[in-house]
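Note sheet for the following structure.
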Amino acid sequence: MEKIAIASDHAGRELKEDIKEFLSSIGVEFMDLGVDNDNSVDYPDYGILVAERVSKGEVPRGILVCGTGIGMSILANKFLNVRAALVSDVYTARMAKEHNNANILVIGGRIVGKGLAREMIRTWIEARFEGGRHQKRLDKISAVEKKDK
Ligand code: RB5
């Protein structure tokens with residue numbers, strides 16, 4: 001598994017730190033793109049750092065955390081080739097990969113506990129995209145994305 005880019009705002013930082021510990025414990029490499037303190041920041045400034053890298057193919061996957069996960073997911077899905085999924089249960093985390101081939105997982109640091117976040121991330125990492133009819137559907141989304149450019 002190649003490196004995962006990870007970032008949060010202040011509201012997601014505590015969970016981000018736990019996620020880093022978890023990724024280390026299962027041997028998954030990551031790059032932490034901030035934030036590195038608890039001062040209030042604007043989540044787009046940090047989400048962009050991950051979404052841009054995933055969009056350009058510099059990293060295959062990213063994880064973003066803000067308070068609810070909503071702002072980070074709205075932001076990330078503005079980027080070409082990004083499929084960001086906001087998840088708060090393990091089933092959705094699995095489907096996010098199997099059906100949607102989500103390349104960014106977004107979690108609400110004020111919503112989801114550490115144990116659940118770990119399980120969702122493990123599940124998303126281990127799941128495999130099913131392709132087939134799901135690829136056809138993603139192609140339709142890509143067509144919309146390209147039309148807007
Ligand atoms: C910050 O207070 C909060 O608005 C942000 O973390 C996030 O929840 C935005 O969607």
Side-chain angles (χ1 to χ4, degrees), residues 1-26 28-127 129 134 137-138 140-149:
M1 145 97 36
E2 292 173 70
K3 237 177 210 175
I4 294 183
I6 180 165
S8 74
D9 68 357
H10 55 288
R13 195 173 88 86
E14 190 182 331
L15 185 60
K16 172 171 69 74
E17 295 308 312
D18 188 71
I19 291 170
K20 284 161 55 184
E21 256 182 64
F22 175 61
L23 293 176
S24 297
S25 77
I26 60 171
V28 172
E29 273 193 272
F30 58 85
M31 60 173 86
D32 180 2
L33 298 169
V35 66
D36 62 4
N37 62 66
D38 290 327
N39 298 334
S40 181
V41 292
D42 298 332
Y43 60 83
D45 295 340
Y46 292 88
I48 284 168
L49 302 176
V50 168
E52 242 170 22
R53 282 169 172 79
V54 173
S55 178
K56 291 179 183 160
E58 291 171 10
V59 289
R61 289 178 191 247
I63 296 174
L64 290 171
V65 190
C66 64
T68 58
I70 295 172
M72 286 294 202
S73 54
I74 292 172
L75 169 87
N77 280 312
K78 301 284 181 204
F79 285 75
L80 197 67
N81 306 318
V82 166
R83 292 173 301 280
L86 173 56
V87 297
S88 51
D89 67 87
V90 174
Y91 176 76
T92 308
R94 182 156 62 81
M95 288 298 122
K97 182 64 191 172
E98 290 184 356
H99 286 193
N100 310 110
N101 203 15
N103 47 16
I104 297 186
L105 203 69
V106 190
I107 302 176
R110 291 175 174 159
I111 309 294
V112 167
K114 291 174 182 165
L116 175 56
R118 286 177 174 224
E119 277 314 300
M120 293 193 301
I121 291 166
R122 182 200 298 281
T123 300
W124 173 66
I125 287 173
E126 288 175 0
F129 178 49
H134 302 296
R137 293 162 187 168
L138 295 185
K140 291 189 176 187
I141 295 174
S142 296
V144 172
E145 205 172 44
K146 285 179 184 123
K147 201 173 78 184
D148 288 349
K149 294 290 157 210

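Numbers here are sequence positions counted from 1. Both ligands and their constituent atoms are indexed starting at 1 by order of listing.
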Spell out, as yes or no, whether a donor-acceptor pair under 3.5 Å connects the side chain of [X] to the backbone of [Y].
| X | Y | answer |
| --- | --- | --- |
| Lys16 | Gly109 | no |
| Asp9 | Val41 | no |
| Asp89 | Thr92 | yes |
| Ser55 | Leu80 | yes |
| Arg53 | Leu49 | yes |

Can you tell me which residue and heavy atom of the protein come closest to [atom], and the distance to 0.1 Å?
| atom | answer |
| --- | --- |
| atom 9 (C) of ligand 1 | Tyr43 CE2, 3.5 Å |
| atom 2 (O) of ligand 1 | Arg110 NH1, 3.4 Å |
| atom 8 (O) of ligand 1 | Thr68 N, 2.9 Å |

Report yes if some N/O of [X] lies less than 3.5 Å from some N/O of ligand 1; otherwise report no.
| X | result |
| --- | --- |
| Gly67 | yes |
| Asp9 | yes |
| Ala11 | no |

**Item:** atom 4 (O) of ligand 1 within contact range, any protein heavy atom under 4.0 Å
**Value:**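 There is no protein heavy atom less than 4.0 Å from atom 4 (O) of ligand 1.
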**Request:** Return yes when atom CD of Glu17 has more than 12 non-hydrogen atoms of other residues, nucleotides or ligands closer than 6.0 Å, and no otherwise.
**Result:**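 Result for CD/Glu17: enclosed.
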**Residue part near ligand 1, for Met72, under 4.0 Å between non-hydrogen atoms** = neither
**Asked** For atom 10 (O) of ligand 1, which of Ser73, Pro44, Gly71 has the closest heavy atom?
**Response**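 Minimum heavy-atom distance to atom 10 (O) of ligand 1 goes to Gly71.
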**Closest contact, heavy atoms only, Arg83 versus Asn101** =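 Here Arg83 and Asn101 meet closest at NE-O, 2.9 Å.
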